[in-house]
Amino acid sequence: MESRPTAYLSTSGGTKMITESLLAPGHRGCAGCGASLAAKFILEGAGRDCIVCGPTGCLEVFTTPYPESAWRVPYIHSLFENPAAVASGIETALAAQGNTHTKVLVIAGDGSTFDIGIRSISGAFERGHNLTYVCYDNEAYMNTGIQRSASTPYDASTTTSPSGTVSYGNPFAKKDMPAILVAHGSPYVATASIAYPKDVIRKIKTATETEGPTYVQIHVSCCTGWYFDSSLGIEVVRLAVETALYPIFEFVNGELGKVHKIRQKPVEEYLRIQKRFAHLFKDESGSDEIAKIQAIADENVRKYGLVRN
Amino acid sequence: MPEKCHKDDSGGEMTGKLKSGRQVVEGSYAVAHAVAMCRPDVISAYPITPQTHIVEDLSQFVADGAIDSKYINVESEFSALSALVGASAAGARTYSATTSQGLALMHEVVFNMAGMRLPAVMTIVNRSMSAPINIWNDHQDSIAERDSGWIQLYVEDVQELVDTTVQAYLIAEDQEVSLPVMVCMDGFILSHVFEPVDLLDQKAVDEFLPPFKPVSILNPEDPKSFGMFVDPEYYMDFRYLVEQAMDQSRSKIGDAARSFESAFGRYYGDLIDTYQTDGAEIILVAMGSLVGTLRDVVDDLRSKGVPVGLLKIRAFRPFPADEIAEAIAGAKVVCVLDKNISLGTGEGAVFTEIKASLYNNGIRVPVIGFVIGLGGRDIPVGTVQQIVSNAEDVIKHGIEADSIFVDLRRH
Ligand SMILES: Cc1ncc(C[n+]2csc(CCOP(=O)(O)OP(=O)(O)O)c2C)c(N)n1
Ligand code: SF4
Ligand SMILES: [Mg+2]
């Protein structure tokens, strides 16, 4: 196993090296894939003594092309909609073996999490397994070609919610998955963004060190599915936070805890650089829709107290 | 339809205290007891008629501290088997039980678990498939999973169920097999019957069944990836390996049956079992509890000089093609009784597979199929006698109809 530096964290506090990435380089993700960065940060937070369970999706496909695997921790993929149940089984087996130190993580896409796998997640959280469920949220079914999920934001154009002459794209609001898991009584629910790696690592550390089922939802950019220049991968998710479209917060024992404060930027700055929202800028008529998206952001500001006073 | 509250045989409150020795118990209790003796680390199941009493009994054993197993109270059968995928990959001995709609809900995981070569034992309390919804017995549910890579063993009575459950772990966990096993028992007919049963002794089972030693497990000290993405360059070879493991299991099933016999003194046959087939002109073929009825009919007819014999299929997967061919080669007609139908073929799966396996063996015994007892329709002795006289007609006049729906109300 290599121990030379394989990833770097450039944060406002300076540069810190991840000296031994537990996700090997050389996987088959798109250049600039946000999910692959998230996986590195997640493993940095969780440490070597963990077992990862992943559903079908981009991350699974590009990290495990037989006979190669990018995972330097034990990894299991079973199906698209069952990682929370598989992880429940792993955690229970470890408990039966008297192993109280190994951490059990799910790292799953938004489609698996928000849609098809929610039954298993609800069961696992209600039963209180000691596991951390991490959703890397690229806001659509990327692996199968950018179809809409319940996490796709309002008005985003996807291949199953395309914009057209009588459509502005996805007609539904993003499902509030963190609230659903807070309602399950999870002791720790947090959102994060790969724009803030230290925050991701800290939250994963907190989540994995907290007893019981914990949830971290990480906004990850997907240049292929959102249609933007891959050099802007970090910029774009940072703008999602700064426009209040992706609020960063944590709920500890059901109470809103630390919130990432912002100087709120207009949503247009975020929308304009991604082709999934390009139809909103074609002509005048898009401005009403942009106003609706601004209202979503403003509601987030109000709900989570995002803006510094 | 409300399900009846489960009471134990004494008519009192259900109790999880483990009984021992020879007892009159419900079939469900007997299987739960056998499972307990196998010391599974993780049990995960979801209730569905007629499987419920098994999981209720196991839950009570856990609640009473009578067994050490962890019981995961899942929210669906889909998660029940998914949890076992994780548990088995982490090195645990695992158990589940289901039937019908529950098994169908597991379908995707059923294939997945076998493909990942993760051993487990699951009791299938055989029940029909909806629609129309019906809670009674036939074999449609497990037959629908025949291509999944699970070994399928069918049992005739409660004692065989108990004994086969223990053998199933030995077979599943054999490193040359490493496949999950379904032990299939007839819903209600076996699950809800009270019979005298020899409950197994813990010490004896411990001696018979060594602890689970998995081929490889999820272990941070030796990280491995499970369930990887496999492209056309390798996929087919993985599927071939599952078939090879199935093939390996042929001898292991027989070995387990024989070593069980030397330890416990009971034997139910290898992949198949035969009864009165020597000199038999007519051979009846069946799986499950129906075999018991057929035994009585065979005894009766033999006493009247009718040369009839019986072939019981214990293992439907792996399919015992050679054993069946050998057993029926000398007969004049073979009658296959199927408690399932492969819709669109007009016949049951066992019938189709037996015919297919004879062709290249050069055996040209006429084979006729009977679709029978679907959704719990009773199979009285008279019906079986009718089948035998049907077979006698075939010997005299040749095959008129090769697949017959037995005791239909309307034609
Ligand atoms: C039961 C089932 N339905 C559909 C699919 C096809 N499928 C595979 S991955 C995927 C989308 C994955 O989306 P997400 O979870 O968001 O992960 P991403 O690929 O975006 O990283 C779909 C629809 C499947 N594998 N299994
Ligand atoms: S499609 Fe998106 S999520 Fe998938 S590998 Fe490419 S960038 Fe990553
Ligand atoms: Mg996605």
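No hydrogens, no waters, no symmetry mates; every other heavy atom, side chains included, goes into these values.
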Give a yes or no answer on whether the side chain of [X] reaches the backbone of [Y] with a donor-acceptor pair at less than 3.5 Å.
{"X": "Thr158(A)", "Y": "Gln147(A)", "value": "no"}
{"X": "Arg117(B)", "Y": "Val177(B)", "value": "yes"}
{"X": "Glu209(A)", "Y": "Thr206(A)", "value": "no"}
{"X": "Gln101(B)", "Y": "Ser130(B)", "value": "yes"}
{"X": "Gln175(B)", "Y": "Lys213(B)", "value": "yes"}
{"X": "Ser96(B)", "Y": "Ser44(B)", "value": "yes"}
{"X": "Thr113(A)", "Y": "Asp110(A)", "value": "no"}
{"X": "Ser88(B)", "Y": "Val85(B)", "value": "no"}

* Asked: Residues in side chain to side chain donor-acceptor pair (under 3.5 Å) with Trp71(A), at least two apart?
  -> Thr63(A)
* For Cys53(A), is it the side chain, the backbone, both, or neither that has a heavy atom closer than 4.5 Å to a heavy atom of chain B? -> neither
* To do: Measure Thr102(A) against the heavy atoms of chain B and call it side chain, backbone, both or neither at under 4.5 Å.
  => side chain
* Would you kindly say whether Glu75(B) and Ser79(B) are connected by a side-chain donor-acceptor distance under 3.5 Å? => yes
* **Residue-level contacts of residues 81-99 of chain A with chain B, using a heavy-atom cutoff under 4.5 Å** => Glu81(A), Asn82(A), Ala85(A), Val86(A), Ser88(A), Gly89(A), Ile90(A), Thr92(A), Ala93(A), Ala95(A), Ala96(A), Gln97(A)
Proximity breakdown for [X] and chain A, heavy-atom pairs closer than 4.5 Å:
{"X": "Val74(B)", "result": "both"}
{"X": "Asp231(B)", "result": "neither"}
{"X": "Leu218(B)", "result": "both"}
{"X": "Phe238(B)", "result": "side chain"}
{"X": "Ser225(B)", "result": "both"}

* Structure fact -> Given Glu126(A), Glu68(A), Arg119(A), His129(A), the one with more heavy-atom pairs under 4.5 angstrom with chain B than any other is Arg119(A)
* Structure fact -> With chain B, the option among Ser122(A), Ala70(A), Pro67(A) that has the most non-hydrogen atom pairs under 4.5 Å is Pro67(A)
Looking at [options], which makes the most heavy-atom pairs under 4.5 Å with chain A?
{"options": "Asn73(B), Asp68(B), Asp222(B)", "value": "Asn73(B)"}
{"options": "Ala92(B), Pro220(B), Ser76(B)", "value": "Pro220(B)"}
{"options": "Ser82(B), Ala89(B), Gly115(B)", "value": "Ser82(B)"}

* To do: List the steps, then state whether side-chain hydrogen bond (donor to acceptor under 3.5 Å, both in side chains) holds for Asp115(A) with Tyr141(A).
  => CA-CA 10 Å; Asp115(A) 291 332; Tyr141(A) 302 154; 2.6 Å; yes
* To do: Mind telling me whether Tyr234(B) and Tyr66(A) have parallel, tilted or perpendicular rings, with 30° and 60° as the class edges?
  => perpendicular
